[in-house]
Amino acid sequence: MKKNTLQGHYCLKSPNLKQLFRIMRITTFLLLVCIFCSFASTSHSQNMRVSISKSSTQLNKIFSEIEKQTEYLFVYNNQIDVNRKVSVNVKEKQVAQVLDELFRDTNIEYMIQGNHIVLSSKENKQETQQQSRRQISGVVVDDNGDPVIGANVLVKGTTTGNITDVDGKFSFEVPDNAVLEVSYIGYLTQEVSTKNKSILKITLHEDTQNLEEVVIVGYGTMKKSDLTGASGSVKEDALAQRTVTSFGQALSGRVSGVNISTNSGRPGGRASIRIRGNSSISVTNDPLYVVDGVILNVSTLTNGTSPIDYLNPNDIKSVEVLKDASATAIYGARGANGVILVTTKKGEGVGTSIRYDTDFGIGVLPKKLDVLNAAEFLQLEDLAYANAQKFDPEGWQNGNYKDPKLKRTDSRLFDSNGQPLYDTDWQDETIRNAFSQTHQVSVSNTKGGDSYGLSVGFRGEDGLIIESYLKRYSARFFMDSELTKWLKVGGSLSYAYQKERQTDSMGDGGITVGRQIVEALPFLPVRYEDGTFAGNNDYPGMEGGNSPVQVAKDVG
């Protein structure tokens, strides 16, 4: 072979063309032989003969007998009654003739394909043929009569269907008596029967379930579909899913873009609420709170709380969070950090309603700190004294270090051999299991356009640290009256009294309970025999400080 540089193809030399024609003639001959053999094989299989003598035998057993005597295999579905009993008495008869006798006056027909005999039902075939000729067409419109473009029109339970064109029209073949499912985003799905119909007009109705939801905005309400600003909403059912002490805990994790963190474990721990982060380093970043249309002062109270912390979470019906322009457009600069709108519960339904809610809980310390006991502390002190001579010889010579054994002479703490009399676990002495309880009673009455109600509640929560607690007493009265069809007046009166004792604040000398739990000496008792508190300053050379029990009782 040589390469033709002009065309870029490969050409055979002239002597090889004869060989090519010879190969083609041989290939053609072999192909004809194969076709003839295949035809002969097919003709042979169709001329196969069987001998069967059976009476009152199930049809599937006759099939098995034919498969044994021939190369055929029967193929059929579960719609073929193979348990029907038949009688056959043939000898050296062609398979096709035997099948004709078996299926005479039945709804079964057969077709021989190679070595397979395929059985089918005449009724199903006729039904399929009739269904395939069923043509349906129509148009999909909305409530205003305008065509709905791109609506899905499907035969229910199948993937057979079509999509409406620019005129809202569709057309395709469907089974007889089919049910069509018509759907489109923002509309309710419709099911339409095609029985005795060939042309349809289908009207889709808007799905107003979410669009009609009312959201509190500013000093009034508006439909959710009309709300253009970024907002979040939490309803009563979601707020009631967890037992909480404060409003911040109830809102935590409910609205995207709202970060709520609790930096204190004290009872009713204060939650820091930030909407889309911090916006200033010099002024408050707290959002603006509006309860039933009344703006609360966000200034911090003397005990570190804010007015929203005194709101009973059980009285809340819904919470809306306004962000971005939706907040500043209504409240101006005061809404720069976002606005949280709170709607309290009012009378619902008809007649008198009495409700009592309660819950109980116990808080436990999940893990104790691993600290030194009395013997371990004294051994560590002896080791430090021994290392002082090695690592600070100059200070050792100057008498800067005193043998701790010489300090252990207080008979209130040590015996005559200098061994400790007490081994106090300050975590056990200071931390307890915290019990909490909530009780809420509400009575409301609604008649016509008038409603009124009263709710009273109590929340008691013990802290893990002894002497710490929170007690909240709340009461709320509301009244709404519809004077005329266009005039409705109402009001509410709320009272809240919260008493709490905090142990995470600083005591004398800036000492806190949490610090003293790990710094108090383990060989000190809680109290001496005369009833006075023991403290670190009772042991020479130690940093002073009262015990955590004394701090917990004195601070708060």
Side-chain angles (χ1 to χ4, degrees), residues 19-136 154-161 172-180 193-196 198:
Q19 298 178 4
L20 178 62
F21 291 139
R22 183 181 179 184
I23 294 172
M24 292 177 63
R25 288 196 299 269
I26 295 173
T27 303
T28 303
F29 174 76
L30 294 175
L31 181 62
L32 292 174
V33 171
C34 291
I35 294 174
F36 175 78
C37 293
S38 177
F39 175 77
S41 175
T42 302
S43 300
H44 171 71
S45 64
Q46 291 181 351
N47 293 325
M48 288 183 183
R49 298 176 181 273
V50 294
S51 297
I52 304 175
S53 179
K54 300 285 185 180
S55 61
S56 188
T57 304
Q58 290 182 346
L59 191 59
N60 57 352
K61 294 183 179 180
I62 302 298
F63 294 162
S64 299
E65 189 65 29
I66 294 175
E67 290 176 345
K68 290 179 182 179
Q69 300 182 27
T70 66
E71 299 177 357
Y72 286 123
L73 290 175
F74 283 86
V75 179
Y76 51 87
N77 56 27
N78 55 8
Q79 294 178 344
I80 304 300
D81 184 11
V82 295
N83 294 319
R84 180 171 59 90
K85 293 184 178 182
V86 297
S87 297
V88 180
N89 187 10
V90 296
K91 185 175 182 180
E92 292 297 324
K93 205 168 187 177
Q94 291 184 359
V95 174
Q97 296 175 343
V98 176
L99 295 178
D100 290 338
E101 294 182 8
L102 286 174
F103 301 143
R104 184 179 296 119
D105 299 330
T106 67
N107 66 337
I108 301 175
E109 62 180 8
Y110 71 92
M111 180 174 58
I112 299 177
Q113 296 180 345
N115 293 335
H116 294 84
I117 300 176
V118 181
L119 306 182
S120 61
S121 173
K122 295 178 182 179
E123 294 178 356
N124 294 336
K125 184 176 181 180
Q126 293 174 357
E127 182 180 354
T128 303
Q129 291 175 349
Q130 292 175 357
Q131 290 178 349
S132 64
R133 293 192 297 267
R134 181 86 164 94
Q135 187 73 20
I136 196 77
L154 299 175
V155 177
K156 185 176 180 181
T158 70
T159 57
T160 304
F172 62 99
E173 294 179 344
V174 300
D176 194 20
N177 298 331
V179 176
L180 301 183
S193 174
T194 62
K195 185 177 182 180
N196 300 327
S198 58

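The model shown is predicted, which means the values in this text are computed figures rather than measured ones.
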Review point. Judged by atom type as modelled, is there a donor-acceptor pair below 3.5 Å linking the side chain of Ser87 to the main-chain atoms of Ser56?
Key: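 Side chain of Ser87 to backbone of Ser56: a pair is present.
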Review point. Quick one: does Ser64's side chain have a donor or acceptor within less than 3.5 Å of a partner on Ile62's backbone?
Key: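 No.
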Considering non-hydrogen atoms only, spot the tightest contact between [X] and [Y] and give its length.
X: Arg49; Y: Glu92; answer: NH1-O, 3.2 Å
X: Met48; Y: Tyr72; answer: SD-CE1, 4.3 Å
X: Val155; Y: Ala178; answer: CG1-CB, 4.1 Å

In Å and rounded to the nearest 0.5 Å, what is the [atom1] to [atom2] distance from [X] to [Y]?
X: Glu71; Y: Leu73; atom1: CD; atom2: CG; answer: 9.5 Å
X: Asn89; Y: Ser51; atom1: CG; atom2: OG; answer: 9.5 Å
X: Leu102; Y: Leu119; atom1: CG; atom2: CG; answer: 10.0 Å
X: Lys54; Y: Glu65; atom1: NZ; atom2: CD; answer: 5.5 Å
X: Gln58; Y: Asp81; atom1: CD; atom2: CG; answer: 9.0 Å
X: Gln94; Y: Asp100; atom1: CD; atom2: CG; answer: 10.0 Å

Exercise for review: Quick one: sort the Phe103 and Tyr110 rings into parallel, tilted or perpendicular, breaks at 30° and 60°.
Suggested key: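 Tilted, since the angle between the ring planes falls between 30° and 60°.
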Check your understanding: Can Gln97 and Glu101 be counted as having a side-chain donor-acceptor contact under 3.5 angstrom?
Key ->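 Absent: no donor and acceptor within the cut-off.
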**Study point:** Test side-chain contact (heavy atoms from CB on, under 4.5 Å) applied to Val88 and Thr57, step by step
**Key:** CA-CA 8 Å; Val88 180; Thr57 304; over 6 Å; no
Review point. Can you find a pair of side-chain heavy atoms, one from Ile80 and one from Ile108, that are under 4.5 Å apart?
Key: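 Yes, side chains in contact.
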